[in-house]
Protein chains: 2
Amino acid sequence: MTLLDSVVMQGLARHAALTAEDKALLLGLELNPRRMSAGEVLWQESADVDLFCVVKEGWAYSYRNLGNGSMQILKVYLPGDIIGMRDFGFSRRLAGVAMINAGVVSPFTHQQLFEIFSRSPALAAGIMAMAVRQQALLTERLVYLGRYAAHERLAHFLYELYLRLKRIGAVEENGFHVPLSQEQIGDALGLSAVHVSRTFSMLRDEGLVIRDRQRTVLPDPDALAQLVEFSGTYIDEALPSVFQSFA
Amino acid sequence: MTLLDSVVMQGLARHAALTAEDKALLLGLELNPRRMSAGEVLWQESADVDLFCVVKEGWAYSYRNLGNGSMQILKVYLPGDIIGMRDFGFSRRLAGVAMINAGVVSPFTHQQLFEIFSRSPALAAGIMAMAVRQQALLTERLVYLGRYAAHERLAHFLYELYLRLKRIGAVEENGFHVPLSQEQIGDALGLSAVHVSRTFSMLRDEGLVIRDRQRTVLPDPDALAQLVEFSGTYIDEALPSVFQSFA
DNA sequence: GAATGTCGATAACCTGCGTTATGAATATCT
DNA sequence: AGATATTCATAACGCAGGTTATCGACATTC
């Protein structure tokens, strides 16, 4: 899973907006793979911002530990995602990041990012677009936290994972591996672990979700999509055509 | 209120990272001021992405209208903010934007933004940093929606406004003008209008917030900050030092 | 200045979700 | 294999916040 494979960069490449040098620059971000174990912390909240990471294998999540003892999970990162762009322009981390399961990440530095901004406006725009897409997913979750009930939040969360995993080829027969505990899912959705369990039972009874340990199956993804009126076609959307004339 | 006055750009200027040409490019974004009336819609959700805007006067907000009839307000824009960066890299708007009260905005095009990315890596990084800062505020609200009770959400919302307004000189004697109805505040915080009213009464009884029509006073901002353990020093934070060597 | 509409306060009632607790199933360790 | 820790399901209970309704204070329109 390299950055060149990502939807945004594929889009730029298709429009021939990426030169050979651009591609080399991009691959340069992934030269230092590092193996991570489950639960390992990449960085803590408030740590100095020195690196960003490309996720090569495994899942990670960013989180905030709150004064009232609870935790809010902000985002789940899958292979091919860039971690840490949230902190670009800040000197301290706004959130901690930890691995969910074992995996491999490729750290790269601030300097490398500046290098890219200086040498390739096309890549600068592409990276900006990737960061903005991540934000779009966050915004979608904000909407769900604000205005939808537990079963809609959970359905939306699972459907988002389904779409993102399908894009990277990690879905088989509508089923996929979800290494998150119900407690962690609750921390992502602003629900208690108990209520996540109740809600899973409810979705199971309605035939929308089957979950056996870490294996999750969506027997009828379209029915689920209908329940959450998923406005997320944009996940797979190509860059707008104005990007074509920009190389 | 021009972009050059913003915290990020001031930071870049202080480090002499902005050339005269950079400044001219930036001012070029604000050449076409347009007067807007209260409630006027800048664009609807799903509209084509053609422009971005600098807010010169007045307040605006971005919002999503939901299938269940409710609305979620995503972000409130104050003078000096850029509207629409959320949609960069997409062909359709992810959210609608409307004025709250009357004001003035300066639209600029995709092309102008590309021009800036091509001609000035420093400005590219600066604009990226501004976009990321906006996201940081959104993320903070996501945390509050997920894990805090009504009075904490409202206190946090008001304190965020207080800090942002103070930065642009719109706070006098700890008081400021808030042109939002309680219903709109509820739409931002994921609460019903009734409960926003209840919560205002509660904060009033505790001597933390005085609200008379559109005038809001925080008699003791520090006490409020303590209640919300505001982790928002980053709003005023300068760019990290690595940006200095980058011009 | 009457008529109409918007906004906010307060009350009464109800429900979705948090909390606490218990037991079963599974994973991890030795 | 036995011991211990995690994870999950389900139940009982309570409360924060949603919903509906009513009323008064202002604004806006003619």
Side-chain angles (χ1 to χ4, degrees), chain A residues 37-40 66 68-73 98 100-102 144-158 177-206 209-217 227, chain B residues 37-39 59 66 68-73 98 100-102 144-158 177-206 209-217 227:
Chain A
S37 55
E40 192 171 349
L66 308 182
N68 58 21
S70 58
M71 157 183 288
Q72 177 68 48
I73 291 181
I100 295 170
N101 48 8
Y144 269 79
L145 285 190
R147 288 301 187 198
Y148 284 96
H151 68 281
E152 295 162 313
R153 291 189 213 174
L154 181 54
H156 180 266
F157 183 74
L158 294 174
H177 182 79
V178 178
L180 292 158
S181 69
Q182 293 190 350
E183 169 137 37
Q184 289 170 323
I185 294 175
D187 286 336
L189 301 182
L191 297 169
S192 67
V194 174
H195 203 62
V196 170
S197 177
R198 279 196 280 249
T199 308
F200 262 118
S201 302
M202 208 192 102
L203 292 177
R204 172 179 19 83
D205 295 346
E206 291 177 14
V209 175
I210 300 166
R211 184 162 206 257
D212 179 27
R213 276 295 166 190
Q214 302 207 330
R215 170 113 186 135
T216 299
V217 180
L227 173 62
Chain B
S37 55
W59 293 28
L66 308 182
N68 57 20
S70 57
M71 156 182 288
Q72 177 69 46
I73 290 181
I100 295 170
N101 48 9
Y144 269 78
L145 285 190
R147 287 301 187 198
Y148 284 95
H151 68 281
E152 295 162 312
R153 291 188 213 174
L154 181 55
H156 180 267
F157 182 74
L158 293 174
H177 182 81
V178 178
L180 292 159
S181 69
Q182 294 191 349
E183 168 137 41
Q184 289 170 322
I185 293 175
D187 286 337
L189 300 182
L191 298 169
S192 67
V194 175
H195 202 62
V196 171
S197 177
R198 280 198 278 248
T199 308
F200 262 119
S201 302
M202 208 192 101
L203 291 178
R204 175 181 15 85
D205 295 346
E206 292 178 13
V209 176
I210 300 167
R211 187 172 151 104
D212 179 28
R213 276 294 169 193
Q214 302 206 333
R215 170 116 186 134
T216 299
V217 180
L227 174 61

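Labels below follow one simple rule: chain letters A, B, ... track the order of the sequence lines, proteins then strands, and each chain is numbered from 1.
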Chemist: Can you tell me if CD on B:Glu152 sees more than 12 non-hydrogen neighbours from other groups inside 6.0 Å?
Modeler: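 Atom CD in B:Glu152 is crowded, with more than 12 foreign heavy atoms closer than 6.0 Å.
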
Chemist: Could you check whether atom CD of A:Glu183 has more than 12 heavy atoms from other residues, nucleotides or ligands sitting under 6.0 Å from it?
Modeler: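 Counting neighbours around CD of A:Glu183, 12 or fewer heavy atoms of other residues, nucleotides or ligands fall under 6.0 Å, so no.
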
Chemist: Would you classify A:Ser181 as touching base, sugar-phosphate or nothing, given that sugar-phosphate means primed atoms plus P, OP1 and OP2, and contacts are heavy atoms under 4.0 Å?
Modeler: sugar-phosphate

Chemist: Is there a side-chain contact between B:Thr199 and B:Arg153, using heavy atoms and a 4.5 Å cut-off?
Modeler: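 B:Thr199 vs B:Arg153: side chains apart.
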
Chemist: Any base atoms under 4.0 Å from A:Gly186, or only sugar-phosphate, or nothing? Heavy atoms, all strands.
Modeler: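 No contact.
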
Chemist: What is the distance, rounded to the nearest whole Å, between atom CG of A:Leu154 and atom P of D:dA9?
Modeler: 11 Å

Chemist: Counting side-chain heavy atoms from C-beta on, which of D:dG18, C:dC17, C:dT10 comes nearest to B:Val194?
Modeler: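 For B:Val194, the side-chain atoms sit closest to C:dT10.
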
Chemist: Reading 5' to 3' and counting Watson-Crick or G-U wobble pairs with both distances under 3.5 Å, write the dot-bracket notation for DNA chain C, | for bases paired outside the strand.
Modeler: ||||||||||||||||||||||||||||||

Chemist: I want to check one thing: is the phosphate of C:dT10, taken as OP1 and OP2, less than 4.0 Å away from some side-chain N or O of B:Ser197?
Modeler: no

Chemist: Contact class for B:Ala149 (heavy atom, under 4.0 Å): base, sugar-phosphate, or nothing?
Modeler: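 Sugar-phosphate: the residue B:Ala149, judged by heavy atoms under 4.0 Å, touches backbone atoms but no base.
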
Chemist: Does B:His195 or A:Arg211 map to a spot on DNA chain D nearer the 5' end, using the closest nucleotide for each?
Modeler: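 Here A:Arg211 is the residue nearer the 5' end.
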
Chemist: Take the protein atom CD of A:Glu183 and the nucleotide atom C1' of D:dT6, then report the distance between them rounded to whole Å.
Modeler: 10 Å

Chemist: Taking CZ from A:Arg147 and P from D:dG18, how many angstroms apart are they, rounded to a whole number?
Modeler: 7 Å

Chemist: Base, sugar-phosphate, or nothing: which does A:Arg153 touch, judged by heavy atoms less than 4.0 Å apart?
Modeler: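 The answer is nothing, as A:Arg153 stays clear of every strand by at least 4.0 Å.
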
Chemist: Tell me the interatomic distance from A:Leu145, atom CG, to C:dG18, atom P, rounded to whole angstroms.
Modeler: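 My rounded result for the distance is 11 Å.
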
Chemist: In whole Å, what is the span from the CZ atom of A:Arg213 to the C1' atom of C:dA27?
Modeler: 8 Å

Chemist: Whole angstroms only, please: what is the CG-P distance between B:Leu180 and C:dG8?
Modeler: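 My rounded result for the distance is 10 Å.
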
Chemist: Roughly how many Å is it from CD in A:Gln182 to P in D:dT10, rounded to a whole number?
Modeler: 10 Å

Chemist: Round to a whole Å and report the spacing from CZ of B:Arg198 to P of D:dA16.
Modeler: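 After rounding, the gap between these two atoms is 11 Å.
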
Chemist: Is there side-chain contact between B:Phe200 and B:Leu158, with at least one heavy-atom pair below 4.5 Å?
Modeler: yes

Chemist: Choose from C:dG18, C:dT10, D:dT10 the nucleotide whose nearest atom is closest to any side-chain atom of A:Ser192.
Modeler: C:dG18

Chemist: So how far is it from A:His195 NE2 to A:Ile185 CD1, rounded to the nearest 0.5 Å?
Modeler: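 So the gap between those two atoms works out to 13.5 Å.
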
Chemist: With the side chain counted from C-beta on, respond yes when A:Val196 and A:Phe157 share a heavy-atom pair under 4.5 Å apart, and no when they do not.
Modeler: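 The answer is no, as the side chains (C-beta and beyond) never meet within the 4.5 Å cut-off.
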
Chemist: Does B:Gln72 reach the side chain of B:Leu145, with side-chain heavy atoms less than 4.5 Å apart?
Modeler: yes

